[in-house]
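Keep in mind that the numbers below use all heavy atoms, side chains included, and drop hydrogens, waters and symmetry copies. Quick caveat, the model's predicted, so the values are computed rather than measured.
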Amino acid sequence: MTDTTNTQPGSGEKLVFIGRIETPYRSPAECPYTVNPGGPECRIVVHPDYAAGLTGLEVGGRILVLYWLDKASRTKPLVSERRSGKVAGAFAARTPHRPNPIGAAVLVIEGIEGPVLKVRGLDCVNGTPLIDLKPAMRAESPAGGGGA
């Protein structure tokens, strides 16, 4: 067996959290199954060091939000789907329990107040670390929904 410690592309790189997400949910059990654009107001709070990166975003614009589901298990290759109970691989399910627990959502910006973006319906615990924000592309929004 070959030792791949620190030899794979990207190894040794450091993920930088650019802010936090504020939601009404205190635990993973309280979180909805997926993103709901009609859900409760949530706030994306960008760290002051990165606030200039919000320049050009506008109310009504759509953004891709990437976040780190830090309360999720990273050791479950198989999961039971919440609704059906069906067992599926982590890559075949909308589960936070995966090797890299990255959440993704495409949402409309409802408000901008300095380094804070107001959106609706994120599916994560209050205080979830923010990885990145990007303008959403048309293909990233499924018909009738805002989740990615």
Side-chain angles (χ1 to χ4, degrees), residues 8-54 56-148:
Q8 294 182 351
S11 64
E13 297 296 323
K14 184 177 180 182
L15 184 64
V16 175
F17 298 128
I18 63 166
R20 298 261 178 224
I21 297 174
E22 295 177 356
T23 71
Y25 312 113
R26 295 175 303 218
S27 71
E30 292 179 13
C31 293
Y33 178 71
T34 191
V35 174
N36 175 4
E41 182 178 285
C42 301
R43 295 168 28 105
I44 299 168
V45 182
V46 175
H47 189 279
D49 290 349
Y50 303 105
L54 299 174
L57 293 180
E58 298 177 353
V59 172
R62 293 176 316 123
I63 53 172
L64 170 62
V65 183
L66 299 170
Y67 43 105
W68 190 260
L69 300 165
D70 60 335
K71 306 284 189 248
S73 168
R74 297 179 75 176
T75 60
K76 292 183 177 181
L78 296 175
V79 295
S80 294
E81 293 182 353
R82 221 191 292 191
R83 292 181 185 167
S84 68
K86 179 181 170 186
V87 174
F91 306 130
R94 295 285 306 183
T95 178
H97 306 295
R98 48 199 332 108
N100 289 306
I102 297 171
V106 174
L107 297 169
V108 174
I109 300 170
E110 293 193 352
I112 302 174
E113 295 176 3
V116 178
L117 302 179
K118 293 182 180 179
V119 297
R120 290 201 170 274
L122 281 164
D123 58 350
C124 58
V125 174
N126 187 50
T128 294
L130 178 64
I131 296 173
D132 207 350
L133 298 168
K134 298 177 184 236
M137 297 171 57
R138 184 176 314 253
E140 290 173 323
S141 284

Residue pair V65, K134: steps toward the side chain to side chain contact (heavy atoms under 4.5 Å, CB included) verdict: CA-CA 7 Å; V65 183; K134 298 177 184 236; over 6 Å; no

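The distance from the CD1 atom of I131 to the CZ atom of F17 is 6.0 Å, given to the nearest 0.5 Å. Separation of atoms CG (L57) and CG (L117) is listed at 6.0 Å; rounding is to 0.5 Å. Distance check, rounded to the nearest 0.5 Å: CG of L122 to OG1 of T34 gives 10.5 Å.
Inter-residue side-chain proximity for V119 and R43 is flagged as unmet; no heavy-atom pair is nearer than 4.5 Å. With contacts defined as side-chain heavy-atom distances shorter than 4.5 Å, the pair L133/L54 qualifies. Looking at heavy atoms from C-beta onward, V125 lies in side-chain contact with C31 at the 4.5 angstrom threshold.
The heavy-atom pair separating I21 from C124 by the smallest distance is CG2-SG, 3.8 Å. Of all the heavy atoms in N126 and E22, the pair that sits closest is OD1-CA, 3.1 Å. Counting all heavy atoms, side chain and backbone alike, R120 lies closest to L107 at O-CD2, 3.3 Å. Taking each heavy atom of V59 and G111 in turn, the nearest pair found is CG2-CA, 3.9 Å. Among all heavy-atom pairs drawn from S80 and V87, the shortest one is OG-CG2, 4.0 Å. Closest of all the heavy-atom pairs between K71 and P28 is CB-CG, 3.7 Å.
Remark: the backbone N or O of T128 is not paired with any side-chain donor or acceptor of R20 at under 3.5 angstrom.
Considering Y25, Y67, Y33 as possible partners of D123, the one that fulfils the side chain to side chain donor-acceptor pair (under 3.5 Å) test is Y67. Each of L66, L130, D49 was compared with I18 under the side chain to side chain contact (heavy atoms under 4.5 Å, CB included) criterion, and only L130 meets it.
No more than 12 heavy-atom neighbours from other residues, nucleotides or ligands sit within 6.0 angstrom of CZ on R26.
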